[in-house]
Amino acid sequence: MEFQQIRYFLEICKYRSFVRAAENCFISPQGISMSMQRLESELQYTLFIRRGKELRLTEHAKFLLPIAEQIIYNIDACERYFHIGKHLNQRVPFVLSSGAFEEFAETPIRTFEAKYPHIYLDLRNESDLGAEIAVKSKVVELALCPAPIDSELFDAVNVCSSNFAIYVQKKHPLAKLPSVRVKDLIGSPLTIMHGYTKSYSSLLSEAENAGVELWVENRADSMRVLFELADHEAQVGIATMALQPMAAAFSKRNLVAIPFQEESLQWRLHLIKRKGEQLSPDAELLYDVLISHLEKQENN
């Protein structure tokens with residue numbers, strides 16, 4: 001499996017089109033198609049199925065997708081690191097839980113990288129609980145993590161909030177509702193992020209309070225997979241309202257987001273650090289950029 005093949009594979013998954021993926025990769029549709037044929041031959045599995053104008057991912061492609069994303073992420077991180085010649089003492093590891101980059105962190109991260117090009121920002125994706133553990137164990141100094149936050153262990157700043165929602169096909173029966181309660185999900189196969197997320201525990205707690213039993217069909221390892229299953233397997237995906245643009249990009253606007261009515265199903269993102277501890281100089285610079293971005297948002 002070649003690096004460029006993985007790039008092509010991800011672009012095809014993103015656009016659900018060989019033509020659009022080829023345009024974005026500056027290659028002919030024939031070239032990208034032949035590259036995928038070679039990849040399928042090497043793997044000995046079919047990755048894409050054409051049904052008229054629709055391009056669908058096979059189960060093998062869905063398995064490969066999050067792995068390919070991680071490969072590209074790691075390669076890009078290495079290229080960026082060695083291209084700008086960073087030293088290990090000029091490195092700030094920063095953990096983001098699911099949805100944090102899309103909802104809040106993208107702009108301040110780009111600002112930090114432009115303002116301090118001599119500091120390598122080592123971005124890491126972790127589950128909600130994994131983000132807390134990384135800060136608590138001093139693997140990182142800063143993380144963006146959803147509530148609830150243990151105030152005895154962490155200093156936390158609330159940077160944004162959003163409702164949790166279900167993501168369903170427009171033709172799904174639940175799509176007709178302006179909002180849903182947990183009890184509305186009875187009998188529907190659910191796709192959620194894996195069990196290390198606070199949204200999962202909040203959902204189960206709310207279901208227990210309502211006296212209902214939920215049918216969790218799949219636990220996804222990435223938001224992309226969650227939206228893929230909601231779009232093509234007619235399952236009910238559960239994520240935050242903040243991720244509507246991502247869902248639309250993956251599904252070509254075939255999915256709709258319907259917020260939960262329960263107040264407990266709120267997604268509140270916090271910037272956390274260890275309680276009472278002083279940040280290193282480089283981490284302090286990152287913290288200042290993040291807080292500055294928050295203040296600009298509040299002023300607007």
Side-chain angles (χ1 to χ4, degrees), residues 13-14 16 57 62 65-66 69-70 73 95-106 125-131 143-148 158-175 177-186 188-207 214-270:
C13 292
K14 179 179 179 181
R16 293 302 181 88
L57 275 64
K62 292 174 183 177
L65 185 56
E69 288 177 327
Q70 189 63 48
Y73 174 84
V95 164
L96 302 94
S97 57
S98 298
F101 181 83
E102 293 80 8
E103 176 63 8
F104 175 79
E106 181 174 7
N125 296 312
E126 292 286 352
S127 66
D128 302 350
L129 300 180
L144 284 170
C145 181
N158 186 6
V159 296
C160 63
S161 62
S162 173
N163 283 329
F164 277 105
I166 63 169
Y167 285 81
V168 294
Q169 294 177 346
K170 291 179 179 179
K171 61 183 179 182
H172 194 285
L174 292 174
L177 301 176
S179 61
V180 295
R181 300 188 68 85
V182 169
K183 64 181 181 180
D184 295 324
L185 305 181
I186 296 175
S188 295
L190 307 181
T191 293
I192 62 174
M193 292 296 289
H194 53 73
Y196 299 107
T197 58
K198 295 177 182 178
S199 60
Y200 178 51
S201 59
S202 298
L203 183 67
L204 291 185
S205 177
E206 199 58 53
L214 299 179
W215 174 15
V216 179
E217 176 81 1
N218 285 292
R219 291 176 174 83
D221 290 325
S222 72
M223 289 297 177
R224 181 190 289 267
V225 173
L226 186 146
F227 295 135
E228 291 280 358
L229 291 173
D231 190 12
H232 295 284
E233 305 298 330
Q235 296 183 13
V236 177
I238 297 178
T240 75
M241 291 289 286
L243 295 176
Q244 286 187 81
M246 180 188 292
F250 290 161
S251 71
K252 297 183 180 178
R253 304 189 181 280
N254 189 44
L255 295 179
V256 293
I258 306 169
F260 280 99
Q261 295 178 25
E262 286 88 349
E263 292 184 3
S264 64
L265 295 177
Q266 280 271 335
W267 185 75
R268 299 182 302 279
L269 188 66
H270 288 74

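- For the atom pair OG of S179 and CD1 of I166, the computed distance is 9.5 Å after rounding to the nearest 0.5 Å.
- The two residues I238 and L226 come nearest to each other via the heavy atoms O-CD1, 3.4 Å.
- Taken from CD1 in I192 to CG in L229, the straight-line distance is 12.0 Å, to the nearest 0.5 Å.
- Under the rule for a salt bridge (Lys or Arg N to Asp or Glu O under 4.0 Å), E217 has no partner lying at least two apart in sequence or in another chain.
- Contact of the L265 side chain with the V182 side chain is registered, since non-hydrogen atoms from C-beta on lie closer than 4.5 Å.
- With contacts defined as side-chain heavy-atom distances shorter than 4.5 Å, the pair L65/R224 qualifies.
- The side-chain contact (heavy atoms from CB on, under 4.5 Å) search around A234 returns Q169, not counting sequence neighbours.
- Surrounding CZ of R181 are more than 12 heavy atoms belonging to other residues, nucleotides or ligands, all under 6.0 Å away.
- Distance CD/Q244 to OG/S162: 8.0 Å, rounded to 0.5 Å.
- The CG atom of N163 lies 10.5 Å from the CD atom of E262; values are rounded to the nearest 0.5 Å.
- A distance of 5.0 Å separates CZ of F260 from CG of L185, quoted to the nearest 0.5 Å.
- Partners of F227 by ring pair (Phe, Tyr, Trp, His ring centres under 6.0 Å), not counting sequence neighbours, listed by chain and number: Y167.
- Residues that satisfy the salt bridge (Lys or Arg N to Asp or Glu O under 4.0 Å) test with E126, not counting sequence neighbours, are absent from this structure.
- Of all the heavy atoms in S161 and Q266, the pair that sits closest is CB-OE1, 4.4 Å.
- Taking both residues in full, the closest heavy atoms of I258 and A175 are given as CD1-CA, 3.5 Å, listed atom of the first, atom of the second, then distance.
- Between the side chain of S97 and the backbone N or O of L144, at least one donor-acceptor pair lies under 3.5 Å.
- Residues satisfying the side-chain hydrogen bond (donor to acceptor under 3.5 Å, both in side chains) test with N254, not counting sequence neighbours, are D231.
- When every heavy atom of A230 is checked against every heavy atom of G237, the shortest pair comes out as CB-N, 4.0 Å.
- Distance check, rounded to the nearest 0.5 Å: SG of C145 to CG of L269 gives 8.0 Å.
- E103 meets the side-chain contact (heavy atoms from CB on, under 4.5 Å) test with C160, A242, W267; sequence neighbours excluded.
- By the 4.5 Å heavy-atom criterion applied to side chains, V236 and H172 are counted as neighbours.
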